[in-house]
Each structure stands twice: as C-alpha cells, then as structure tokens.
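Keep in mind that the numbers below use all heavy atoms, side chains included, and drop hydrogens, waters and symmetry copies. Positions are given from 1, in the same order as the sequence printed here.
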Amino acid sequence: MEILYAHPRQWGEIREIYLEAFPKAERKPFFAIKHSVKKGKAQLLTATEDGVLQGFVMVIPYGRLVMVDYLAVSGKIRSRGTGGKIIQEVCKRFCDQTIVLLIERLDDNAANWKQRIARRKFYIKNGFTSSDIYISGHSGNMEVLKYGQAVSPPEFLDLQKYALGRLMFLFSKTRLERV
C-alpha cells in the first residue's frame, strides 16, 4: 500500500468515499475541502493499492497542532487494517506535533453507539488518548482525542477557527462542554 499526497485525478473517488463514510451533519461541502487543499491550508493523503484508492486522510497543520479532519476507508475494504496504516503514517509524518481529532461522544442512547465505541477503540489502539476536551455544535457532541502532548481548550478552539474559517466557525456553533 502506498500513502501519498492526493493526485487531482483522484478527486472523484475521494468524493465517493467521503460521501459514503460521513453523515451529512459531519460533512463540509466538498468544494470547501478541495479549496482548502488547493490553498495549502489542508493536506490530503491517499492510500492506494494496485492503483485502487483504498482510503484517504485530510489533515490541517496549525502551529504545533495537526488536526485529522477526515479519515475514511472505502466500505469495500473496511476492517482490513487500512485505517490503521493511514493513521500511523500521519503520526509518523507529524511526529513533532500534537495530532488531534474529533469523535462522537459515547452515548448509550445513540442509534450508532456500536460505531462510536468501535471508532474510539480504533484510535485508542493507535495511540490516541482523551484530551479531556468536549465540544458541541452543528456536528453534535464530540470528544477531542490527541496523539502527543496535551492540548488546551483555547488552543483547540483556535485550531477549529483556523480549520473552518471564522464565518464557518460561527455557523458551526462550536462551544466547549463541561463533562
């Protein structure tokens, strides 16, 4: 498996995996993702095997932090270790920075509670830990996981503002939660 920067000819396949993998409430408009990558604000890495796109990860470096904005593996090959290889590549490439990401908070009453548990276990297995930062907003109730050094709530919110842009950040209604 090769994990390389996305090639423009892959955008169609990336979009298919993106739409399949993320619920509408968690998706940015796809043109905004392409724009962030083209501007250099975000980096998009793709995992391919024998010329077939297996998955991708979009990361947003900001100061000492790197946010994993989206990590997705094709539904055709999930649970075969591809996601682990992708996230380990991110950890290797950004080993001097703290890597953060959002996952849905565990909620026994959620319709997708098994998926939430599986996602959290996946990241914990790959070296992530809780940052003890919880947020809510348009995407729902989320927990911030980290790989590396501690991150403070103000640092994370600054990263979110940078990643979304000030206007989208306001529309997201992101706020810190006490747990």
**OP:** Please report the shortest heavy-atom distance between Glu155 and Ala150, naming the atom on each side.
**Re:** OE1-O, 4.3 Å
Original post:
Got a donor-acceptor contact below 3.5 angstrom from the Lys85 side chain to the Ile3 backbone?
Top reply: no
Original post:
Is the shortest side-chain N to carboxylate O distance from Arg116 to Glu104 below 4.0 Å?
Top reply: yes
**OP:** Not counting sequence neighbours, which residues clear side-chain hydrogen bond (donor to acceptor under 3.5 Å, both in side chains) with Tyr123? List them please.
**Re:** none
**OP:** Taking all heavy atoms of Trp113 and all of Asp108, pick out the closest pair and write down the distance.
**Re:** CD1-O, 4.0 Å
Let me have the donor-acceptor pairs involving side chains of residues 50-58, under 3.5 Å, with sequence neighbours excluded, atom names and distances please.
residue, atom, partner, partner atom, Å
Gln54, NE2, Val52, O, 3.2

Original post:
Does Glu20 CD have over 12 foreign heavy atoms under 6.0 Å away?
Top reply: yes
Original post:
Are any non-hydrogen side-chain atoms of Leu167 and Phe171 less than 4.5 angstrom apart?
Top reply: yes
Original post:
So, the side chain of Ser172 versus the backbone of His138: is there a donor-acceptor pair under 3.5 Å, distance only?
Top reply: no
Original post:
Do you know the tightest heavy-atom contact between Ile17 and Ala72?
Top reply: CG2-CB, 3.7 Å
Original post:
Looking only at heavy atoms, which two atoms of Met67 and Ala163 are closest? And how far apart?
Top reply: CE-CB, 3.2 Å
Original post:
Going through the checks in order, is the side chain to side chain contact (heavy atoms under 4.5 Å, CB included) test met by Val68 and Phe94?
Top reply: CA-CA 11 Å; Val68 174; Phe94 297 99; over 6 Å; no
**OP:** Mind telling me whether Phe128 and Tyr147 have parallel, tilted or perpendicular rings, with 30° and 60° as the class edges?
**Re:** tilted
Original post:
Thr98 and Gln149: side-chain donor and acceptor closer than 3.5 Å?
Top reply: no
Subject >> Check ion pair Glu89-Arg93 (N to O, under 4.0 angstrom) >> reply: yes
Original post:
With a 4.5 Å limit on heavy-atom distance, are the side chains of Glu143 and Asp132 in contact?
Top reply: no
**OP:** Could you note down all residue pairs passing side chain to side chain donor-acceptor pair (under 3.5 Å) where residues 24-40 supplies at least one of them, sequence neighbours left out?
**Re:** Lys28-Asp69
Original post:
If only atom types and distance count, is the side chain of Gln43 paired as donor or acceptor with the main-chain N or O of Val37 below 3.5 Å?
Top reply: no
Subject >> Heavy-atom closest contact (Ser136 atom, Asn141 atom, distance) >> reply: CB-OD1, 3.2 Å
Original post:
Got Arg119 and Gln115 here, is their nearest side-chain heavy-atom distance under 4.5 Å?
Top reply: yes
**OP:** Looking only at non-hydrogen atoms, find the nearest pair between Ile60 and Ala42 and report the distance.
**Re:** CG1-CB, 3.9 Å
